[in-house]
Each structure stands twice: as structure tokens, then as C-alpha cells.
Amino acid sequence: MSANRYNPAEIEPKWQQIWEEERLYQSSVNPEQPKWYALTMLPYPSGDLHTGHWYAYTPSDAAARFRRMNGYNVFFPIGFDAFGLPAENAAIKHGAHPARWTFANIERMRGQLRRMGAMWAWEQEAVSCDPEYYKWSQWFFRKFYDAGLAYREYAPVDFCPTCNTTLAREQVWGDDRHCERCGTPVIKKDLEQWKFRITRYADELLDGLAQIEWPERVKTMQTHWIGRSAGAEVLFRTESGDVLEIFTTRPDTLWGATFMVVAPEHPLVASITSAAQQAAVAAYQEQAARMDEIQRGAADKEKSGVFTGGYAINPVNGERIPIWIADYVMMGYGTGAIMAVPAHDARDFAFASRYGLEIRRVITGPDGARGPLEAAYDAKEEGELIQSGPFDGTPVRGAVERVIEWLEANELGRGAVNYRLRDWLISRQRMWGAPIPILYCPSCGVLPVPYAELPVLLPDDAEFKPTGESPLRSHASFRNATCPECGGPAERETDTMDTFMCSSWYQYAYLSPYWKRGEPLRAEDHPWDTAAGAYWLPVDQYTGGIEHATMHLLYTRFFTKALRDLGVVDFDEPMLRLFNQGMILGPDGEKMSKSRGNVINPDDVVGRYGADTVRGYLMFIGPWDQGGPWDPQAIEGVHRFLQRVWTVVVEDPQLRQPQLDAAHRPDPAQERALERKLHQTILKVTDDLQHFRFNTAIAALMELNNALYKVRESAVANSTAWNQTLRNLLLMMAPIFPHIADELWHRQGNTSSVHLQRWPDGDPDKAREEQITVVVQIGGKVRDKLQVAPGTAAAELERAALLLPNVDKYLNGRSPQKVIVVPDKLVNLLL
RNA sequence: GCCGACGUGGCGGAAUUGGCAGACGCGAUAGACUUAGGAUCUAUUACCGCUAGGUGUGGAGGUUCGAGUCCUCUCGUCGGCACCA
């Protein structure tokens, strides 16, 4: 009897095994077939799969399966982003090598991932901490180095005191500038660090957004992050004759500059400062430097600054204006110096108000106002320039461009563009990452490790101590090397690469994992199988969380553009389409966390309901990009649905008694109704799945099954429509509920997998209703309804409406002044 | 402070171009079947009202024959940026 009950614990492992044995999901290059590279952000092997993984992966699997049934050759790989700090922390705690911890976790997670029943191409799995993987990460570094895209710089950098490493700017989050990983506020340090010249691609990273189908949210975040602003660089001079260059987006307000502000760290401060102001300036500089360590940019803090005692000459009008230092001017942006135009800049206005500096209006108000200002007026559209020498009377709209031309003609400045984006800092003072392949030779200087000597391997005997320092620094045989130039002793770089480096190219690694395994590398190698790349690349559909908007998703775009310029790829963007799923929350609507005690363990729920139910429930909660709370009761609904599908199929009257009494002929109208419902469902589900609307697709499947359920005891169950509906229901369930679909598919007598079938075609003619309801309103209120054939003419609808008894009652002898008829929708009679 | 998204039953959420608000599911209520039911099946379930009917998509206005959907203002929640000149 048990064989006839829905028992996911029995059928799910069975089908997973069959699929794997039959290599059902391994796809290979086939030029005859359109390809679809479906990619989902790879997991970090933290040790346990959580509900968030299920929420990210099972819908993306359903989407990939749907594509496959629609005739695409789908490549859907998986791997592990396996470098990172937790492994190192575990090593310190337990004394085991990070590799052991990592590979044990990977092994465990492979099993958990398999239980999802996803169509991953496991044979092409890639693990980023495998030397055969990171040798290519190092090869890319070397390529970037040779191309001038990787460089070393001594500069102030963000440092996380908990992770004991520097971070890229993208990895510092929030108003308290905390570490993206551990939440600790970062501090500033001056250090020698390796960076990638992502800023070289700033404009292209902006422009490229136009050619990819990514969520606007992500595009906006990247646009803001890159922060392109156009303006001018203008050459001021100090009284002592030094050039003091400023950047401004409003060169049209140059005549309104009443003072200048330079960053406290500006190199000219010392020479500008007068003897009398020296003490005050030094004190302010010291205070600013200290603030840096704590929090310089506390947003609503009142502006402060100190007069240097020095003056500059405004090149456009020869005026002598005071130079101040203030911490609201940053050394890291523009030139670290600004002209202050308090009349037309809110920050300068606040500063000038506090210190009693002149506020000179140089743009009239929209109404022509020329009087004193109560607040900064920064409009660019209305008004004209005043007190601006040759530009008096110039409309402010377009004035920026005209002033730039004038500055260039007079050699006082030039048009310039600044970006908020900074170069990508990739050095990490941690052991568990890909070593940066660089050597330092006392006589030959900084040298890249020769290609043939890659990879620079991580030692397997490193000592892990809770000192906070990378074990590579104290590992003599790692650190001591031979100079490839002079053969003398050299020292190895002990910093490793940011793990975002490894994940910037993993979509390529999957094509031919561990390419050229064991072979020495050469500069002219290609880092993956070019035949596979030519067919599969770029990625057609990428899915993952939005938290990577300005990290991974920016880095991988940069990486691809850099590879294109190196001749490695021939396209501009790595991922053509992106979808960001939302976040699954605990039953209390809060983020799942151990401390809150609201964690749902996927292993438990899979054990109770099976993977298909969990998959379906996660997709049923709501729109995938919205996320939402896990409701431990609502999952029952999806489970019941599967039970009912099971019952309909397994207890199919035709399976029990194929020849029903000839007297029990199905009612043709009922049969047509079922067929209609089927085609409506196919059209709906097809459209929904194309757009990741799993929740409404499942609702439609439930409706279809309810329709079947309602007539299963009737003679309709002995009709072609019934058979067709049952068959197509299973086909449509296959992407979301892969196990039960295949099981029932076989129980229906089919021999090849449901996952090898073509997606059904919905027929709009068969889906069309025979009768539709047209609402009859009087004065906008629904008073009656008409049942008519679709497409009934407006005149006919109006005539029929006027004959309705309710209409007669409400009109009460009056005749409508106006009649609005929308065919197939409504008749509105206005009095 | 700036930018963006979102506010719909007790709950998660549905609603082409403006055209029957509340699909589907959870929960709830009643009944059936049962030794039992936290299984299953059937019915009901936005709110007020005995009915007729009225009221309802965060709030206030507006456009329209007609607004969850469009416009203006406003409140709330979430996310991004944070003196970027």
C-alpha cells in the first residue's frame, strides 16, 4: 500500500540518483542547438546550507529547467567560493589547516545541495581554493600586472581590526563605515597595497549598463558608486606663487568664490600658512588626523575649519581670497582643494555663515532676484550670471560649458571629470587566499613570479596562532625565494588576493574546470577551453543577491572588460541578464539568525515535507525579488497540493479501470471547459516562468489541479481532455517540482524522463472563454451583469443592458444621458 | 540630508492598456466521514447591515463616466549614498 502513497523521502533520492547516473544535466557544446548559460552566485562553504541558499538556488534551478524544456541547451554549473576568513579562524581555533576545514564543509554541502534536486552540471564543479583554480587567478594577476592594471601603492587604506586585514572601499559599508563581513567599524592605516586599476574603466562601466538587462536598482547603485561628475579644473595661485588646483562642477560660479578651502592633509598647507596661524593650523591638522581614526565624516556634524593666514588669487578676476583648511574637504577626491562659493553651495554657505565670510551672489533667482540669500541657491536651469565679469547676463543654463571654453582659451583651467570610484584594493593580510605572485629582490626590485612558476602554492604546514598576523609572514620557506632575474635571495609577497578576485572569473572557470591541470603556465595560454567559451559565453541569465551590487557585480564587469582588452574574451559584459532574489526571513519577519532563534533549518523541513514541497513553498511565498517571512503553516498548503496531484494521478480512474461503461460518456461542455482551463493555464504558467513569477505560476497549477479534482469522479475523467490535462500538468510542474513530476510521469506509463520533454504550447483559441461576464453599471455602480460571447458588439451590449430588470429598476423611467461601453468589460449608464 | 523601492482581508500575497478589488494559499467557522483527528472531503470567510444597500487598497486632495493602478501633497517601512566640491 505504501507504494501508492506520496512519500518524498522514497522518491526524491531515487530520482536524484537516476538523473545523476544518466548524466541528465550534463550539457555539452552543440552548435545545432541554442545555448543558455544559467548561472547562480556560488556559495561560500560555511559548513551548512541555510534556507537562504534554498531561496536563491531552487528558483534559479526552476528557471533553468524551464529554459531547457523550451528547447535550449542549458549549462547550469555550481562550485564553491572557497577562500576566506572563516576557514582561517577555524584553523586558529581547532589547529587544523584551513584546507581541511574547507574541504570537509564542501563535502557536506555537496550532499545538502544535491538534496535540492537541482539540475547542476556537477561534473564541471570548480572550487576556488584548489591550486589548479588559483593558479589561473594568479595568472590573471600577472596579466593585469603586465598590462599596467595591477600596481602597488602606499596610501591610507581601510583596515578591519577584527578581520586583521585591509578592505576595498566597496567592502566598507554604512554610516559608521563598518566591515561588510564582520560589522566592525574600520580604521585608517597607511600601508603599501596592491590595487587594480578599475578606475581606468569607469566610463565604460557606466556606459555598459545600457546594454545589459539588469535590475534598475543595481544599475543605479553602480552609477552612484562610480559617481561620475563633470566640471573643470581651475588653476588658482597662492600669494607666494604656488599653483593651487581645484576641481569644481560649477565653474560658472567662479566669480562668486570668496574663499578657498584645502584638505587638512593638503601638501601646500605648510607653505600657505602664515606664522601667526601656524599653531592653530597644526592643532586643527592633528585633530583631523585623529578624527580620521574614529570618524571624520559624521554627517550632521557642524562644519569646522581654521584660517591659514594665507591668500590665493582668483584667476578669473584677480581677487585676493583667504585660504582655510577644513575637514569637509577630502584629500582623496578631486585635488583636495576647492574654491568656496557660499552663495551657491550649501556646504560653503554653512561654513561661511559660521565664520563670517563673504557670501556673494553671482546667479539671479528665477524671478530675477539679486538680493542677499538666506540659503545657498544652486539652480542650474533658471537665472543669469551677475557680478561675473565677461559673463554678466549669461543665462545659467549652459553657462558651465561656456565658462569652460573661456577658461581653456585663457589657459586658466580645463574641462575635467572626476569619479567617486576608487581603484580596487586587492591585498589581504590573510593566509587563506590566492597568494599575490610577486617577489621583492633587494637588487632587482619588485618582480612578478614567472608564468612557468605558477602557482605560488600556499604552504600546507603553516602555523596558525591567534596573533592576528598572517602565518605566511612567519613561514620562512614560503617567504624566502629566489630572484628570477639575478638568482639572489628574494622575498615573496605575503599578502593574498581579495576573494572577489576568484569570483570575478568563475563563470569562465566552469567551462573547463582546472584547465591545463598540472601543466606549467605560459603568458600566451588561454585560461579555459576556447571552443566551450565560444559557444557558452557570455552568461545569459545570472541570479543572486543584491548585496553584491557594488562589489562582485562591479568587479566581474571590470574583470571582463580587462580580459577583453587582453584579448582573452571578445565581448564586453559577462552577464547579459541579472535577477536579484529577495531575502527569506524568519517566521517573525526578521532576518534569520541564531541569536534571534528564528532559524528554519532546511534539512529539517526537507525531512518532513520533501524537497519538492520546500522548493514550491519558497517559490509560492511571493514575488521572488521581494523575499518574505517563512510561515511554518503555509508550507502545508504546498504539501497538500502535491498530495492532491498525487491522488489525482495515482488514483486516476483510467489507471484503475481503463474502460469505463460506455454509458458514462463525458459531457462535451465539461470536457471543453477542462481543455479551456488547461490552455489558459499553459499560457499563464509559460508567461509567468519567463518572468520569474513562480508564485502566480504555482497558483495557476493549483487551480488546474483543483479543476481536475472537482471532476475526477465524473465521466470527464474518461476523456481525452482529462488525459491531456493530466499529462500537461506534470510537464508544467517539472521545473518547480522535479521529483514528483518525474515519478508521476513514469507512473503514467512514460519511459523517458519528464525533464527531457518539450514544454507544452498553449493554444489561445482553445483558451478563449465561450461566455464572459460584462458588468452593467449605473453611474459607476455595478447594478447587474450580462453573460455574453466575447467580442459582442458595443451596440448589442448596450441594448442588452437596457433590457435588464435591475437596470430598469434603477433607471426608474429615466433614460441615460450617456452610455460608455467597453466591449468584453462593461456598460456604464450615466444619468 | 539626498536618491530609490514599497504600503491591499486575521496572515503570505493576486489583480493587460485605468474597467467586477481580494486569484491562489494559510488561518478561521460550520458540516460530513471517523474510536479519534492536528488526516481527508464539502461549504462559508474584506468590513458594516436583518435585508435593500453601503463602505473599503497608509492618509488628504485632484484628473476621469470609472483609480489599487495616473497626478500633487503627506505619513510610515525598507534599501543605497553620506560633507564627492
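First the proteins, then the strands, lettered A, B, ... as listed; each starts at 1.
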Can you see if the side chain of Tyr617(A) gets near the phosphate of G12(B) - specifically, an N or O under 4.0 Å from OP1 or OP2?
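Result: no.
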
Looking at Tyr810(A), I'd like to know whether one of its side-chain N or O atoms comes within less than 4.0 Å of OP1 or OP2 on G53(B).
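Yes, because at least one side-chain N or O of Tyr810(A) sits under 4.0 Å from OP1 or OP2 of G53(B).
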
How many whole angstroms separate atom [atom1] of [X] from atom [atom2] of [N]?
X: Ile621(A); N: A14(B); atom1: CD1; atom2: P; value: 12 Å
X: Leu421(A); N: C81(B); atom1: CG; atom2: P; value: 14 Å
X: Met221(A); N: G80(B); atom1: CE; atom2: P; value: 7 Å
X: Arg693(A); N: G12(B); atom1: CZ; atom2: P; value: 21 Å
X: Asp378(A); N: G1(B); atom1: CG; atom2: C1'; value: 13 Å
X: Asn580(A); N: G80(B); atom1: CG; atom2: C1'; value: 13 Å
X: Gln222(A); N: C81(B); atom1: CD; atom2: P; value: 13 Å
X: Asp625(A); N: C78(B); atom1: CG; atom2: C1'; value: 14 Å

Could you list, one pair per line, each protein nitrogen or oxygen that sits under 3.5 Å from a nitrogen or oxygen of nucleotides 4-10 of chain B, together with the distance?
none

Pairwise [atom1] distance, [M] and [N] [rounded to whole Å]:
N: G13(B); M: C6(B); atom1: C1'; answer: 14 Å
N: A21(B); M: C3(B); atom1: C1'; answer: 32 Å
N: U42(B); M: C33(B); atom1: C1'; answer: 11 Å
N: G10(B); M: C47(B); atom1: C1'; answer: 12 Å
N: C24(B); M: A15(B); atom1: P; answer: 13 Å
N: U77(B); M: C26(B); atom1: C1'; answer: 24 Å
N: G62(B); M: G49(B); atom1: C1'; answer: 32 Å
N: A39(B); M: C48(B); atom1: C1'; answer: 37 Å

Any donor-acceptor pair under 3.5 Å linking the side-chain atoms of [Y] with those of [X]?
X: Gln787(A); Y: Thr773(A); answer: yes
X: Tyr284(A); Y: Ser304(A); answer: yes
X: Asp423(A); Y: Thr199(A); answer: yes

Base, sugar-phosphate or nothing for Phe351(A)? Non-hydrogen atoms, less than 4.0 Å.
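Nothing, no nucleic acid heavy atom in range.
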
How is Arg228(A) classified with respect to the nucleic acid when contacts are heavy atoms under 4.0 Å: base, sugar-phosphate, or nothing?
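Touches nothing.
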
Which nucleotide, [options], lies nearest any side-chain atom of [X]?
X: Lys781(A); options: G54(B), A85(B), C65(B); value: G54(B)
X: Lys303(A); options: C83(B), G53(B), A82(B); value: C83(B)
X: Leu830(A); options: G54(B), C65(B), C81(B); value: C65(B)
X: Pro629(A); options: A85(B), G12(B), C83(B); value: G12(B)

Using O4'-C1'-N9-C4 for purines and O4'-C1'-N1-C2 for pyrimidines, with syn meaning within 90° of 0, is G61(B) syn or anti?
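Anti for G61(B); the angle lies over 90° from 0.
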
Which letters describe nucleotides 16-27 of chain B, given B = protein heavy atom under 4.0 Å from base, S = only from sugar-phosphate, - = neither?
---BB--BBSSS

Enumerate, atom names and distances included, each donor-acceptor pair closer than 3.5 Å involving a side-chain atom of residues 820-831 of chain A, sequence neighbours excluded.
unit_1, atom_1, unit_2, atom_2, d
Asp824(A), OD1, Gly791(A), N, 2.8
Asn828(A), OD1, Gly780(A), N, 3.1
Asn828(A), ND2, Gln777(A), OE1, 3.4

Pick the closest RNA chain B nucleotide for Gly628(A) and for Gly174(A) by heavy atoms, then say which residue is nearer the 5' end.
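Counting from the 5' end, the first nearest nucleotide belongs to Gly628(A).
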
Between Met339(A) and Gly627(A), which is nearer to the 5' end of RNA chain B once each is assigned its nearest nucleotide?
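The residue mapped nearer the 5' terminus is Gly627(A).
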
My validator wants the stems of RNA chain B: runs of 3 or more consecutive Watson-Crick or G-U pairs, both distances under 3.5 Å, written as range with range.
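Ordered by first number, the stems with RNA chain B (at least 3 consecutive pairs each) read B:1-7 with B:75-81, B:10-12 with B:24-26, B:27-32 with B:40-45, B:46-48 with B:53-55, B:58-62 with B:70-74.
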
Evaluate whether atom [atom1] of [X] has more than 12 neighbouring non-hydrogen atoms of other residues, nucleotides or ligands under 6.0 angstrom away.
X: Glu374(A); atom1: CD; answer: no
X: Arg354(A); atom1: CZ; answer: yes
X: Lys219(A); atom1: NZ; answer: yes

Using 30° and 60° as the class limits, which term best fits the ring planes of [X] and [Y]: parallel, tilted or perpendicular?
X: Tyr6(A); Y: Trp646(A); answer: tilted
X: Trp624(A); Y: Phe692(A); answer: tilted
X: Tyr355(A); Y: Trp324(A); answer: tilted

Say you draw a straight line from CE of Met732(A) to OG1 of Thr681(A); how long is it, rounded to the nearest 0.5 Å?
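OG1 of Thr681(A) is found 5.5 Å from CE of Met732(A).
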
As an exercise, state the distance from CG of Asn314(A) to CE of Met339(A), rounded to the nearest 0.5 Å.
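Answer rounded to 0.5 Å: 8.0 Å.
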
Partners passing salt bridge (Lys or Arg N to Asp or Glu O under 4.0 Å) against Arg228(A) (at least two apart in sequence or in another chain)
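Testing Arg228(A) for salt bridge (Lys or Arg N to Asp or Glu O under 4.0 Å), a comparison that skips the adjacent residues, returns Asp203(A).
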
Taking only residues at least two apart or on different chains, which pairs with a member in residues 695-708 of chain A satisfy side chain to side chain donor-acceptor pair (under 3.5 Å)?
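Qualifying pairs: Arg644(A)-Asn706(A), Lys677(A)-Glu703(A), Asp688(A)-Thr696(A).
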
